[in-house]
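What follows is a set of notes on a single structure, which appears directly below.
Just so you know, ligand 1 is whichever comes first in the structure, and atom 1 is the first atom listed for that ligand. Sequence positions, counted from 1, serve as the residue numbers for this chain. Just so you know, these numbers use all the heavy atoms, side chains as well, and skip hydrogens, waters and symmetry mates.
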Amino acid sequence: MISRRIVLRFPHRLVDQPIVCKLVKDYDLEFNILKAYVTPREEGLLVLELSGGDKNYERGMRYLRGVGVKVQPLSQDIIRNERRCTDCGVCVPICPSGALVVEPLTRKVQFYDNKCIACELCIKACPVQAMEVHF
Ligand code: SF4
Ligand code: SF4
């Protein structure tokens with residue numbers, strides 16, 4: 001049995017396709033949607049907790065990649081370079097999941113990586129390149 005939190009990125013052409021339903025019907029997987037978001041580029045982002053038998057899980061992943069869905073583990077590839085961050089706050093309103101917030105008392109910007117859905121919007125927005133993608 002496997003249970004993982006993953007981020008699925010759907011290109012625009014796939015956004016209205018019943019792809020996640022197929023994971024249930026054809027691969028006997030269970031899912032719990034944690035977050036859903038459409039980026040300004042009209043790419044669909046879905047954060048799921050997906051679980052099922054080992055073989056079905058792997059087959060489901062192959063199916064997703066085969067149709068053109070990018071699959072990533074949740075947030076493990078986005079980090080903040082604390083030495084670079086100037087707490088300017090530019091990234092805060094851009095972050096769709098509330099992973100970047102201004103602490104009211106200190107006015108420092110906190111990064112809660114457990115909330116990050118790896119959408120990468122902050123990467124381009126940060127003026128000092130403090131937000132980094134690691135593969
Ligand atoms: S990648 Fe950046 S903007 Fe996107 S959810 Fe994570 S912290 Fe927020
Ligand atoms: S935009 Fe960059 S420098 Fe500004 S608060 Fe966010 S991570 Fe820090």
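One of the N, O or S atoms belonging to Cys88 lies under 2.8 Å away from atom 4 (Fe) of ligand 2. At least one N/O/S atom of Cys91, from backbone or side chain, sits under 2.8 Å from atom 6 (Fe) of ligand 2.
Once rounded to the nearest 0.5 Å, the distance linking CD1 of Ile123 with CD1 of Ile78 reads 4.5 Å. Between Leu34 atom CG and Lys115 atom NZ the span is 13.0 Å, to the nearest 0.5 Å. From Cys95, atom SG reaches atom OH of Tyr112 across 12.0 Å, with rounding to the nearest 0.5 Å. Glu43 CD to Arg9 CZ: the interatomic distance, rounded to the nearest 0.5 Å, is 5.5 Å. Taking OG1 of Thr86 as the start and NZ of Lys108 as the end, the distance is 9.5 Å to the nearest 0.5 Å. Between atom CD of residue Glu120 and atom CD of residue Gln72 there is a gap of 6.5 Å, rounded to the nearest 0.5 Å.
Closest approach of Asp16 and Arg13 over heavy atoms only: OD1-O, 4.1 Å.
For atom 2 (Fe) of ligand 2, the closest non-hydrogen atom of the protein is Cys126 SG, 2.3 Å. From the protein, the heavy atom lying nearest to atom 5 (S) of ligand 2 is Gly89 N, 3.3 Å. Nearest protein heavy-atom neighbour of atom 3 (S) of ligand 2: Thr86 N, 3.4 Å.
Cluster membership for Val128 and Ile94, using ILVMFWY side-chain heavy atoms within less than 4.5 angstrom, is not shared.
Judged by the shortest distance from any of its heavy atoms, Ala125 lies outside the 4.0 Å radius around the atoms of ligand 2.
Shown in contact with Pro127 at under 4.0 Å from a heavy atom are these atoms of ligand 2, numbered in order with element: 1 (S). Near Phe111, meaning under 4.0 Å from one of its heavy atoms, ligand 1 places the atoms 7 (S). Under a 4.0 Å criterion applied to the non-hydrogen atoms of Val128, ligand 2 contributes the atoms 3 (S). Set against the non-hydrogen atoms of Met131, the atoms of ligand 2 under 4.0 Å away are 7 (S). In summary, the atoms of ligand 2 found under 4.0 Å from a heavy atom of Cys85, numbered by their order in the structure, are 3 (S), 5 (S), 7 (S), 8 (Fe).
A side-chain contact (heavy atoms from CB on, under 4.5 Å) with Leu100 is found for one member of Cys91, Cys85, Cys126 and no other, namely Cys91.
Heavy atoms of Val92 found under 4.0 angstrom from ligand 2: none, in either backbone or side chain. With a heavy-atom cut-off of 4.0 Å, Val109 touches ligand 2 through its side chain alone.
Under the 4.5 angstrom side-chain criterion for Ile, Leu, Val, Met, Phe, Trp and Tyr, the cluster partners of Val69 are Ile2, Ile6, Leu8, Phe10, Leu14, Val15, Ile19, Val20, Leu23, Val24, Tyr27, Leu29, Phe31, Ile33, Leu46, Leu48, Leu50, Tyr57, Met61, Tyr63, Leu64, Val67, Val71.
In the displayed structure, Asp28 atom CG is contacted under 6.0 Å by at most 12 heavy atoms of other residues, nucleotides or ligands. Heavy-atom contacts from other residues, nucleotides or ligands closer than 6.0 Å to CD of Glu30 number 12 or fewer.
Within the protein, the N, O or S atoms sitting under 2.8 Å from atom 4 (Fe) of ligand 1 are Cys119 SG.
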